[in-house]
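For reference, positions follow the sequence shown, starting with 1. Counting convention: from 1, in listed order, for ligands and their atoms alike.
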Amino acid sequence: MEDTGRTHDERRAGRWTSVLIMFTLVAGVLSFVWSARSYWLLPLASAQGASIDELFDIILVLTAIAFVAVHLFIGIALWRFPARQGAKAAHWHEHLGAELTWTVVPAIGIIILGIAGEVVWAKVYSAPPANAEQVDVVGRQFEWQFRYPGPDGRFGRSAPRFVTSGNPFGMDPSDPENKQNVVTINDLHLVVNRPVLLHITSIDVIHSLSLPNFRMKQDAVPGRVVDIWFTPNKEGAYQIVCAQLCGVGHYTMRGNITVQSQSAFDQWLQSQIK
Ligand SMILES: [Cu+2]
């Protein structure tokens, strides 16, 4: 028959595609196993992070199941039902039930995940507790600066007209309250189990304050102050990175976080007042 050569080619193409699909499946699973061993989430150190990690795990499991199932289905179908002499593919909606299932089930799953994401988002971006420690944060090329209120818990006056490269917070030099404020570079101190409210901005380009152990990340945008809050719940030393490519020195925007007891924090703050 005239068709035989073409059918043969199509069958071979189908089988090779099946092999490629299976290769993608195996490579995908192996790269997951490898990265899960080498580059996983850093140890969790905030109260809010638990629900973020939970949602992350649920999404990971669901998408992993879908990834494996879809690749297996396509791979097996391509291998098992190749082009046959004289047989034509069917295009009518014979299996309405099956079609509905693979449309409606994932759609419901996506809606549920969307709602779960909104719930976690609302929890993370909610109003901060009244007892939160407050810290001003400014990103600049190429460092993070932090400003703490003095022992009386008050920030001095600040205004954009006082902003210079040596005074990125624009602290009014005539306000004595500012003498009690503490400014640090790449050094953030937090109190364990006490919520912290960060007021984040930038004085040049867009940076992004990334606190991976606390599962927090917020862009620092010039001209805007964005608040985030969380509760560190494990004492220790952690790192800050800038998650927004902000110039040639971007990689140097690393900082340290120290989560410590209230008394150790008070002592440290006192030692920083000039
Ligand atoms: Cu940056």
- Using the ring of each side chain (for Trp, its six-membered ring), is Tyr125 parallel, tilted or perpendicular to Trp121, with breaks at 30° and 60°? parallel
- Task: Quick one: sort the Phe230 and Phe214 rings into parallel, tilted or perpendicular, breaks at 30° and 60°.
- Result: tilted
- Describe, in one word, how the ring planes of Trp102 and Phe73 are oriented to each other, choosing from parallel (under 30°), tilted (30 to 60°) and perpendicular (over 60°). tilted
- Message: So that I can tick it off, tell me whether Arg194 and Glu133 are bridged by a salt bridge, with the cut-off set at under 4.0 angstrom between side-chain N and carboxylate O.
- Response: no
- Item | Identity of the N, O or S atom of His207 lying closest to the Cu ion (ligand 1) | ND1
- Roughly, to 10 degrees, what angle do Met253 atom SD and Cys246 atom SG form around the Cu ion (ligand 1)? 100°
- Query: Is the distance between the Cu ion (ligand 1) and the nearest N/O/S atom of His250 smaller than 2.8 Å?
  - Reply: no
